[in-house]
Amino acid sequence: MEGNQEKRHTNHVIIVTSDAANANVRQFKIRTWVLGLIVIVLFAAFGALLGFLFYEERIWQAAIEKSNQQLQKMEALSLEKDAVKAEMEKKELELTEEIQNLKDEVQILSTTLNQKVESEKNLRETLESLSVPTGFPVNGSASSIETEGGDKPGVKIETSAGVVVIATAKGTVIAVNDDLEYGHNVWVDHGNGYVTIYRCQSDPALKIGDEVYQGTAIFLVEEGKTTIGYQMMLNGEYLNPLDVIEIKG
C-alpha cells in the first residue's frame with residue numbers, strides 16, 4: 001500500500017422523485033458534514049420553535065391570568081360600587097324620612113303655636129274686655145234712667161231699696177269721697193283709660209286700693225236713698241255712659 005493514500009470522501013445521496021409516470025429522478029450528493037450541519041440547523045430550528053411555543057404559551061397564560069385578575073378587580077369594584085350605592089340610597093331614604101318627620105313636627109309645632117297665640121289673643125281680649133265698663137251699675141231693675149248733660153255728663157238712675165250698686169268692670173278703687181248731691185262717691189280706675197264714678201247716699205262698701213270686678217258690690221241701696229248717679233271718663237274726658245253700657249233685657 002502506498003504511504004500517501006488519498007483520503008476517501010463519503011458522500012450522501014438524496015434522491016428526489018415523483019409519483020408521476022414520466023417523472024425524472026434527481027439525485028443530490030451531500031457531504032456528511034453538510035448533512036450534519038443541516039440536521040443541527042433543523043434541530044436548532046425545531047428547538048427554537050418549541051421554545052417559542054412554550055414561551056408564547058407562558059405569555060398567553062400570564063396575559064390570561066392578568067386579565068382574570070383585572071376582571072376580578074372590576075367585579076370587586078362593581079360590588080363595592082353597588083354596596084356604596086345601596087348604602088347611599090338607604091341613607092337618602094332615612095334622611096328623607098327624617099326630613100318629613102321634622103316637617104310634620106314643625107307643622108304640629110306651628111299649629112300648636114298658632115293655637116297658643118290665638119288662645120293668648122282671645123284670653124288677652126277677654127281680659128281686656130273685663131276692664132271695659134260695659135256693665136249696668138245696679139244688679140236690679142231701674143224705674144227710670146235720665147241722662148245728665150253739661151260738661152260732666154252722666155246718668156241718674158231711680159231704683160228700689162235692696163238693690164246693689166255694682167262695679168261695671170274690673171278695676172281698682174282710687175277714691176272714696178263725700179258727695180254734695182248724692183252723699184258719697186266711689187271712683188274706680190279700670191287701667192285702660194276708663195274711670196267710672198258711682199254716687200249714692202248709702203255708705204260705700206269699699207275703700208281706696210280695693211280690687212273690684214264686674215258685679216262687685218259698692219253700695220247697698222237703702223230705703224229713701226234710691227237715687228244713684230253714674231259717670232264715666234275715658235282718658236280724662238267724660239263720656240255719656242249709655243254709649244258704652246250694654247243694657248240687656
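The first residue of the sequence shown is numbered 1, and numbering continues consecutively from there.
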Expected output: side-chain Ser131 to main-chain Gly171 donor-acceptor under 3.5 Å: no

Atom pair CD/CD of Glu92 and Glu97 - distance to nearest 0.5 Å: 11.5 Å

Whether over 12 other heavy atoms sit under 6.0 Å from Glu94 CD: yes

Any pair counted as ring-ring contact (aromatic ring centres under 6.0 Å, His included), so long as it reaches residues 192-223, sequence neighbours left out: Tyr198-Tyr230

CA sep, side-chain torsions, deciding dist, call: Gln100, Thr96, side chain to side chain contact (heavy atoms under 4.5 Å, CB included): CA-CA 6 Å; Gln100 186 60 46; Thr96 302; 5.6 Å; no

Residue list, side chain to side chain contact (heavy atoms under 4.5 Å, CB included) with Gln231, at least two apart or on another chain: Lys152, Ile197, Arg199, Tyr238

Point-to-point distance, once rounded to the nearest 0.5 Å, from NZ of Lys103 to CG of Asn101: 11.5 Å

N/O donor-acceptor pair under 3.5 Å between Ser202 side chain and Leu220 backbone: yes

Minimum heavy-atom distance Asp189-Gly191, with the two atoms named: OD1-N, 3.0 Å

Candidate list Val165, Val163, Val221, Thr159, test side-chain contact (heavy atoms from CB on, under 4.5 Å), partner Asn139, passing option: Val163

Val195 reachable from Val244 in the ILVMFWY side-chain graph, under 4.5 Å edges: no

Salt bridge (Lys or Arg N to Asp or Glu O under 4.0 Å) partners of Glu146, counting only residues at least two apart: none

Residues Lys90 and Glu87 bridged, charged N to O under 4.0 Å: no

Shared hydrophobic cluster for Tyr182 and Ile218 (ILVMFWY, side-chain gaps under 4.5 Å): no

Cluster check Ile166, Ile228: I/L/V/M/F/W/Y, side chain < 4.5 angstrom: no

Derivation of the side chain to side chain contact (heavy atoms under 4.5 Å, CB included) call for Ile245 and Thr134: CA-CA 4 Å; Ile245 292 175; Thr134 57; over 6 Å; no

Close side-chain approach of Glu181 and Lys156, heavy atoms under 4.5 Å: yes

Atom pair CG/CD of Leu239 and Glu237 - distance to nearest 0.5 Å: 8.5 Å

Main-chain N/O of Gln107 paired to Thr111 side chain as donor or acceptor, under 3.5 Å: yes

Which residues share a side-chain hydrogen bond (donor to acceptor under 3.5 Å, both in side chains) with Lys170, sequence neighbours left out: none

Side-chain touch Met232/Pro133, heavy atoms, less than 4.5 angstrom: yes

Atom of Ala205, atom of Ala217 and distance for their closest heavy-atom approach: CB-O, 4.2 Å

Considering all heavy atoms, the nearest Ala142-Ile145 contact: CB-CG1, 4.3 Å

Cluster companions of Leu113 among Ile, Leu, Val, Met, Phe, Trp, Tyr (side-chain spacing under 4.5 Å): Val117

All side chain to side chain contact (heavy atoms under 4.5 Å, CB included) counterparts of Val84, not counting sequence neighbours: Glu80, Met88

Contact summary for Ala169 and His190, nearest pair of heavy atoms: O-CE1, 3.4 Å

Separation between CG of Asn114 and OG of Ser119, rounded to the nearest 0.5 Å: 10.5 Å

Sub-4.5 Å side-chain heavy-atom contact between Ile157 and Thr227: no

For Asn185, side-chain hydrogen bond (donor to acceptor under 3.5 Å, both in side chains) partners two or more places apart: Asn177, Asp179, Trp187

Glu120 atom CD: more than 12 heavy-atom contacts under 6.0 Å: yes

For Glu211, all residues meeting side-chain hydrogen bond (donor to acceptor under 3.5 Å, both in side chains), sequence neighbours excluded: Thr172

Check against side chain to side chain contact (heavy atoms under 4.5 Å, CB included), His184 and Asp203: CA-CA 7 Å; His184 305 282; Asp203 294 332; 3.4 Å; yes

For Asn240, side chain to side chain contact (heavy atoms under 4.5 Å, CB included) partners two or more places apart: Thr147, Val155, Leu242, Asp243

Same apolar cluster: Val186 and Met233, side chain cutoff 4.5 Å: no

Enclosure of Leu180 CG (heavy-atom neighbours >12, cutoff 6.0 Å): no

Test side-chain hydrogen bond (donor to acceptor under 3.5 Å, both in side chains) applied to Gln214 - qualifying residues, sequence neighbours left out: none

Hey, can you pull the donor-acceptor pairs under 3.5 Å for the side chains in residues 34-44, sequence neighbours left out?
none

Atom pair CD (Glu118) and CG (Asn122), whose distance is rounded to the nearest 0.5 Å: 4.5 Å

Non-hydrogen side-chain atoms of Val212 and Leu206 separated by less than 4.5 Å: yes

Contacts of type salt bridge (Lys or Arg N to Asp or Glu O under 4.0 Å), residue Lys207, not counting sequence neighbours: Asp210

Minimum side-chain heavy-atom gap Val132-Asn192 below 4.5 Å: yes

Ser143 side chain to Glu158 backbone, donor-acceptor under 3.5 Å: yes

Note, Leu77 side chain near Lys81 side chain (heavy atom, < 4.5 Å): no

